[in-house]
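Computed from a prediction, not measured in an experiment: that's the story for all the values here.
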Amino acid sequence: MTTQQTPDDVTSFVSRNPADRSDVVAEFAAPGAFATADAVDGARAAQPGWLHGGAAARSSALSSIAGAIEAAAEELADLAVREVGKPIAEARAEVARTAAIWRYYAQAPYEPTGAVHETAAGPGLLLTRRRPHGVAGLITPWNFPFAIPSWKAAPALAAGNTVVLKPAPEATACARRLAEIVQQALPSRVFTVVPGGPTEGGALLSTADVVSFTGSTAVGAAVVRAATARGIPVQAEMGGLNAAIVLPDADIERAAAHIASAIAGYAGQKCTATSRVIAVGAALEPLREALAEAVRMLPVGDPADPATVCGPLISASARDRIGAARGDVSVLATGATCEGPGWYAAPTLVEKVPQGHRLLGEEVFGPIAALLSADDLADAVRISNSVPYGLVTSVHTADLGTALHGLDRLDTGMVRVNAPSTGVDFHLPFGGAKASGHGPREQGHAAMEFYTSSRTYTLIAM
């Protein structure tokens, strides 16, 4: 993605195919702050009609969206391959998950919105009722161009909010195509996409009634400050520096396969990717050998090839960041290098990383991970917890009792046992601790709570 100023001082964006830099996927001019505010005003005017249309109308609309996404599945997957470089197998899985998200939340309008209680003394009733905030402002990243906007928008719409989405510039074509599908099932101005960059994101923050953000930690912190200053609800899902802990009794070959895919799947461009591998005690040497081999064997190449696991990085700067991170450490293993015209970087496993190195404190967002050692499970938990982030940890062991004993001490929002750190179950809460997340969790019933506020009514008979 490139940015430039036009003679009229209008910012324009170019979205390029990460696997072929000469392929321009989308060009667009950012609408600016005033147009973004107008979109929010339009969404606010449409919100009462959307809410009062009733549960059946909202449910039917979301079900229709799910069906339309399924009907366009291959087209959408191909677009994700082209615009954000997602390997086709992962792109197809994301589109299938996207349809499932809309279908899941299509049932939410029929869920109870409150409860009835007795008063503490005397006749009467106490009622609680959840109501939508109004306009939900969504700011989303490029790496899951259909699923992340959907798992924010679907619950917001199900609860009776209207939505204004500001996608990452690198995923603008995907967002526009998703909007075409969604808007066919909804009344006018209930779902609006505002393309652009920081100007449009700032305007959305200044005008929406509730904000949900997914992206970098630095930008997320600014989003939280701005929303908090306005006194509006905000959630921010940010970075990760996720660890995989491998105990000596684990199935080492299986663990190595899971970890390698979590390091380099989609070129490591997931907030749930594995960045640190912590081998406990006697697991170090067998894991070192098995994981190095698994990294070397990962299929790297054209994301349109169904066999590809590790495709290109999203930009030249992202690729250069990986090169800089591995430049002064001991490289244990590297995978294949693709010589195509895209922004490729070989999957890399490093070791003997000194304390204070950026790989142990910063999210690099690429196909690279550090192999570390721990004396025992307690030491591994300490190492895992030693970073500013706390999104997800994977634990590999044959003894679930041992794993469970240490899991509560892990300072992460999610723990996955004998599974890769990557992977999301959209019907359960998703989110992290420390610098990985702020505010209520996303997905599942937690999302419905975030996009609504609770009221208490006291009814006393005359």
side-chain contact (heavy atoms from CB on, under 4.5 Å) assessment of H396 paired with I259: CA-CA 10 Å; H396 302 264; I259 295 168; 3.9 Å; yes
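- A donor-acceptor pair under 3.5 Å links the side-chain atoms of S206 to the main chain of G202, judged by distance alone.
- A distance of 7.0 Å separates SG of C310 from CG of L298, quoted to the nearest 0.5 Å.
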Residues E90, K270; criterion salt bridge (Lys or Arg N to Asp or Glu O under 4.0 Å); working and verdict: CA-CA 12 Å; E90 287 208 36; K270 305 175 185 179; 3.0 Å; yes
Worked check of side chain to side chain donor-acceptor pair (under 3.5 Å) between S150 and W102: CA-CA 7 Å; S150 293; W102 287 97; 2.8 Å; yes
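- In terms of heavy-atom proximity, P303 sits nearest to G85 at CB-O, 3.5 Å.
- Ion pairing between a basic and an acidic side chain is recognised when a charged N comes within 4.0 Å of a carboxylate O; E362 and R321 show no such pairing.
- At a threshold of 4.0 Å, the pair E293-R296 counts as salt-bridged, since one of the basic side-chain nitrogens sits closer than that to a carboxylate oxygen.
- Taking 4.0 Å as the cut-off between side-chain N and carboxylate O, R16 and E170 do not count as a salt-bridged pair.
- Remark: the backbone N or O of D379 is paired with a side-chain donor or acceptor of D376 at under 3.5 angstrom.
- Contact annotation: the side chain of D399 never approaches that of L247 to less than 4.5 Å [non-hydrogen atoms, C-beta and beyond].
- Atom CG of L157 is separated from atom CD1 of I65 by 6.5 Å, given to the nearest 0.5 angstrom.
- Y105 places a side-chain N or O within 3.5 Å of a backbone atom of G444 that can act as its donor or acceptor partner.
- Looking only at side-chain heavy atoms (C-beta outward), I252 and V246 come within less than 4.5 Å of each other.
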Derivation of the side-chain contact (heavy atoms from CB on, under 4.5 Å) call for T393 and R416: CA-CA 6 Å; T393 305; R416 292 171 59 84; over 6 Å; no
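- A heavy-atom distance below 4.5 Å is found between the side chains of V182 and L186.
- A salt bridge does not link E449 with R441: none of the charged nitrogens is closer than 4.0 Å to a carboxylate oxygen.
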Evaluation steps, side chain to side chain donor-acceptor pair (under 3.5 Å), between E200 and T36: CA-CA 6 Å; E200 290 71 25; T36 303; 5.0 Å; no
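- Using a distance-only test at 3.5 Å, with no hydrogens or angles considered, a donor-acceptor pair links the side chain of R58 to the main chain of L51.
- Between D209 and Q47 the shortest side-chain heavy-atom distance does not fall below 4.5 Å.
- Using modelled atom types, no side-chain atom of R276 and backbone atom of L360 make a donor-acceptor pair closer than 3.5 Å.
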Evaluation steps, side chain to side chain donor-acceptor pair (under 3.5 Å), between S212 and Q235: CA-CA 5 Å; S212 180; Q235 63 183 185; 2.7 Å; yes
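- Because its NZ or CZ atom is both nearer than 6.0 Å to the ring centre of F144 and within 45° of the ring axis, K86 counts as a cation-pi partner of that residue.
- Between atom OG of residue S59 and atom CD of residue E111 there is a gap of 10.5 Å, rounded to the nearest 0.5 Å.
- Pairing each heavy atom of F450 with each of H133, the nearest pair is O-NE2, 3.0 Å.
- For E83 (side chain) and T172 (main-chain N/O), a donor-acceptor pair under 3.5 Å exists by modelled atom type.
- Partner of W151 under the side-chain contact (heavy atoms from CB on, under 4.5 Å) criterion, chosen from T98, T140, I101: I101.
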Counting only pairs under 3.5 Å, give me each side-chain donor-acceptor contact of residues 384-392, with atom names and distances, residues two or more places apart or in other chains.
| unit_1 | atom_1 | unit_2 | atom_2 | d |
| --- | --- | --- | --- | --- |
| N385 | OD1 | D411 | N | 2.8 |
| N385 | ND2 | V381 | O | 3.4 |
| N385 | ND2 | R409 | O | 2.8 |
| S386 | OG | I383 | O | 2.6 |

Candidate pair S421 and N242, rule side chain to side chain donor-acceptor pair (under 3.5 Å), full reasoning: CA-CA 7 Å; S421 62; N242 310 302; 5.1 Å; no
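- No side-chain heavy atom of V300 sits less than 4.5 Å from a side-chain heavy atom of T337.
- In terms of heavy atoms, F430 sits closest to E237 at O-OE2, 3.7 Å.
- A heavy-atom distance below 4.5 Å is not found between the side chains of V84 and N143.
- Using a 4.5 Å cut-off on side-chain heavy atoms (C-beta onward), R177 and L79 make contact.
- A salt bridge links R92 with E74: at least one charged nitrogen is closer than 4.0 Å to a carboxylate oxygen.
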Verdict with reasoning, T214 to K152, per side-chain contact (heavy atoms from CB on, under 4.5 Å): CA-CA 10 Å; T214 299; K152 295 178 186 292; 2.9 Å; yes
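- The heavy-atom pair separating P195 from F28 by the smallest distance is CB-CE1, 3.6 Å.
- For Q269 (side chain) and I314 (main-chain N/O), a donor-acceptor pair under 3.5 Å exists by modelled atom type.
- Not a single donor-acceptor pair under 3.5 Å links the side chain of N161 to the backbone N or O of P132.
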Test log, rule side-chain contact (heavy atoms from CB on, under 4.5 Å), inputs L291 and V277: CA-CA 10 Å; L291 185 55; V277 184; 3.9 Å; yes
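- If you take CZ on F146 and CD1 on I181, they are separated by 7.5 Å, rounding to the nearest 0.5 Å.
- Residues P87 and G311 share a closest heavy-atom pair of CG-N, 4.2 Å.
- For the pair T274 and P420, the minimum side-chain heavy-atom distance is 4.5 Å or more.
- For the atom pair CZ (R21) and CH2 (W343), the distance works out to 6.5 Å, reported to the nearest 0.5 Å.
- Closest approach of R319 to A345, counting heavy atoms only: CG-CB, 4.5 Å.
- To the nearest 0.5 angstrom, H445 atom NE2 is 9.0 Å from M448 atom CE.
- With sequence neighbours left out, the side-chain contact (heavy atoms from CB on, under 4.5 Å) criterion links N17 to A19, D20, D23, V25, R82.
- With hydrogens and angles ignored, the 3.5 Å screen pairs a side-chain donor or acceptor of R230 with a backbone N or O of L205.
- At least one donor-acceptor pair closer than 3.5 Å links the side chain of T128 to the backbone N or O of A115.
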